[in-house]
Amino acid sequence: MGESLEIRCKGVGVSEGIVVGRVLRMHGNTGYVYRANIGAGELELELDRFQAAVRLSRSQLQAIKDRAERELGKDHAYIFDAHLLLLEDQKLINDVENSIRTEQANAEWALKVVSDRLLSVYSEIKDDYLRERGSDIEDVVQRLLVALSGKQPAHRNLSEDAVIVSQELLPSAVAELDLDFARAVATDSGGWTSHMAIIARGLGIPAVVGLRDFYRRARTGDAIIVDSSRNEVILNPTRATFERYQSETAHRTSTKAVEPARQAGPLRTLDGVEIRLRANVELPAEFAGVRKYEAQGVGLYRSEFLLARRGVLVSEDEQRQAYAEVARVAGSDGAIVRLFDLGAEKEFDMAKEPERNPALGLRAIRYGLRNEEMMRTQMRAILRATTAGNLEIVLPMVGDVSDVRRARRILDEEVESLAGAGIAHGHVRVGAMIETPSAVIVAESIAAVVDFFELGTNDLVQYTLAVDRGNEDVAEWFRTLHPAVLYGINRSLEVARSSDIGAIVCGEMASTPAYATLLIGLGATDLSMTPSSMPRIRRVLSQIDSNIARDIAVESLACETADDVEDLVRTRFREHWPGVFPLSSLPVARKR
């Protein structure tokens, strides 16, 4: 342990835990792709070569998925369904083949041209989850390039204290590792919703991503500490740092050993307040987690996956089947379908001039209202799917009451049309996503025309603070516990209560124990999250008193800065619940 070489790098903790280990640097698979001219007489051979690479890649991915199901469980193996779907995407395959023919270029070059074009589209998507699906495209493309080269995918056996350090770790690369000894992951790129992050959480291994140039500084064999709770990685820690972390990890281990078992029945705080936990889902393979973790329905179904599969609008009947399946999975508790939360980039029109500021452009409800037939098709499909179970609709990125009125008028017209045609359908309640400052300010008027609020905390932070959470240059300004954000949440919850409508909080805040506790203090009693987060949230909330949480929340609302809130939360939580919140699980004030 050196005394002068310690390097600390900040990133984003995406999988909880602290690990002390040794660096194993993993190089990315990205290499140079060169163009070769293919003669007319050799084009069919080049097309055959590409098809063979597709078949080989599909076989490899199926094997990876099978292994992931054995080692991670089906709740996380679904990630590779998206990869397999890409290899079955006829638009993608046809575009590459057409490029080979028209450009008379080698398959590698054609694949790179087509994939780069597709990746440029995904980079502009507002929704963090969908934007980060670009890594899936890169993963599949790299696998195809390796298959075209004739090389075998690399397999690595890890030492027992290996911390994987990479510029970008693609999901299939993680799945192909010897997972018995992978202790933690640290990467220069990535985000909370990336599939690599999902796999890390599924494995239960700590991970910090978005470290920028950390990979360049690290060397295989270097001592390293990964502390996801502090969003930090420490390279070559000093002896004092090393000993402090050894003591802290020992304390965490002993605390875990005395954790209470999960209570049976509904989740209640110590003082008897009942909390509802719903599931956020997207892919069909996630549905099993709804039952496994005893979610009380689906609080957010991201319907965009129906478009992401092929890049085109699927038919009304196909949508109806998908929504009916969600309704059946949710059971009597019901499911909330978010209308397509997309922008114009999903038209895949490469000739169209990209928006200068996509996050503030033609997005979500605006895009749906501008492309009314798409919205009508989706609403009809949802209405018809209610024959299979209880469904509700939530409108994304509502700006004011006029957005809701226009959408409800379209819904009413489709209800009348279905009734006139004698087509079976049911009733759906309509909610509004509260994720913009304007929606918070005019919340009373919105509440008067909807049945419930759904607070999208990820976007609410982004739009309230004018900070792109995916932009590393301004990441330090993305502060979930900023007083302005807490004010927006508190005001929205108060309006919902006074208007006698429900309010569901979804996003990263709902799935993080410290943040969820503060939400309870602000009056939230209905949270929606990734199913795998539920056991941890259930365990923590069952041990807190909502009255104490309310006092802390009131103090937080009076703070002037995010640093002040984070300091307050750390102090008060440790005073009242030291056994529930180890110091490492609480936010660290990031004073600039």
Side-chain angles (χ1 to χ4, degrees), residues 13 16 229-231 251-252 255 259-260 263 267-277 434 440 443 453 455-458 460-461 464-465 478-498 503-529 533-534 536-591:
E16 186 181 12
S229 60
R230 294 186 177 91
N231 302 302
H251 170 75
R252 286 167 63 87
T255 301
E259 283 179 357
Q263 64 184 34
L267 167 61
R268 289 187 174 86
T269 61
L270 282 178
D271 54 320
V273 175
E274 186 168 337
I275 309 298
R276 180 172 185 170
L277 300 186
I434 305 298
V440 172
F453 282 169
L455 280 65
T457 57
N458 295 349
L460 186 59
V461 177
T464 299
L465 304 182
F478 189 91
R479 308 294 291 276
T480 301
L481 296 187
H482 193 286
V485 175
L486 298 182
Y487 169 81
I489 294 171
N490 185 58
R491 172 169 166 72
S492 301
L493 293 172
E494 284 184 339
V495 170
R497 284 193 296 273
S498 64
I504 305 161
V505 182
C506 62
E508 186 177 337
M509 283 191 76
S511 60
T512 305
Y515 296 163
T517 300
L518 204 57
L519 288 172
I520 301 307
L522 292 171
T525 57
D526 199 337
L527 308 178
S528 191
M529 64 199 68
S533 300
M534 289 180 183
R536 182 176 57 168
I537 295 297
R538 183 181 287 274
R539 174 181 61 79
V540 168
L541 295 186
S542 67
Q543 299 179 76
I544 63 106
D545 186 306
S546 70
N547 293 304
I548 296 174
R550 185 176 300 111
D551 292 340
I552 297 171
V554 170
E555 285 189 79
S556 298
L557 288 168
C559 290
E560 295 182 340
T561 69
D563 291 331
D564 294 340
V565 177
E566 289 169 356
D567 282 336
L568 174 69
V569 166
R570 286 174 65 80
T571 301
R572 295 288 185 268
F573 280 27
R574 290 290 291 169
E575 285 177 359
H576 294 289
W577 306 298
V580 180
F581 294 100
L583 193 61
S584 59
S585 71
L586 296 170
V588 179
R590 296 173 287 171
K591 298 177 176 64

Would you please test Leu455 and Met509 for side chain to side chain contact (heavy atoms under 4.5 Å, CB included) and show each step?
-> CA-CA 10 Å; Leu455 280 65; Met509 283 191 76; over 6 Å; no
Side chain proximity check, Ile275 to Arg538, heavy atoms < 4.5 angstrom | no
Using the salt bridge (Lys or Arg N to Asp or Glu O under 4.0 Å) rule, collect all pairs that involve residues 541-556, keeping only residues at least two apart or in two chains.
-> Glu555-Arg572
Could you give the distance from CG (Leu493) to CD1 (Ile504), rounded to the nearest 0.5 Å?
-> 11.5 Å
Here the gap from Glu494 atom CD to Tyr487 atom OH, rounded to the nearest 0.5 Å, amounts to 8.5 Å
Any side-chain heavy-atom pair from Thr457 and Tyr515 closer than 4.5 angstrom?
-> no
Looking at CD1 of Ile548 and CG of Leu270, how far apart are the two atoms once the value is rounded to the nearest 0.5 Å?
-> 8.5 Å
Non-hydrogen atoms of Ala510 and Met529 that approach each other most closely | O-CE, 3.4 Å
Step by step, would you call Thr269 with Asp271 a side-chain hydrogen bond (donor to acceptor under 3.5 Å, both in side chains)?
-> CA-CA 5 Å; Thr269 61; Asp271 54 320; 2.6 Å; yes
So CG of Leu541 and CZ of Arg536: to nearest 0.5 Å the spacing works out to 11.0 Å
Flag side-chain contact, heavy atom, 4.5 Å: Phe581 against Ile544 | yes
Could you tell me whether a side-chain N or O of Arg491 sits under 3.5 Å from a main-chain N or O of Val440, the two making a donor and an acceptor?
-> yes
Is there side-chain contact between Pro513 and Ile537, with heavy atoms separated by less than 4.5 Å?
-> yes
Positive for side chain to side chain contact (heavy atoms under 4.5 Å, CB included) with Leu465, one of Val485, Thr480, Leu460 | Val485
Heavy atoms of other groups near Glu575 CD, more than 12 under 6.0 Å | yes
Residues at least two apart in sequence or cross-chain that pass salt bridge (charged side-chain N to carboxylate O under 4.0 Å, His left out) with Glu274, listed by chain then number, are Arg268
Side-chain (Thr464) to main-chain (Val461) donor-acceptor, under 3.5 angstrom = no
Would you mind reporting whether Val580 and Thr517 have side-chain heavy atoms less than 4.5 Å apart?
-> no
Do any N or O atoms from the side chain of Asn231 and from the backbone of Gly13 form a donor-acceptor pair under 3.5 angstrom?
-> yes
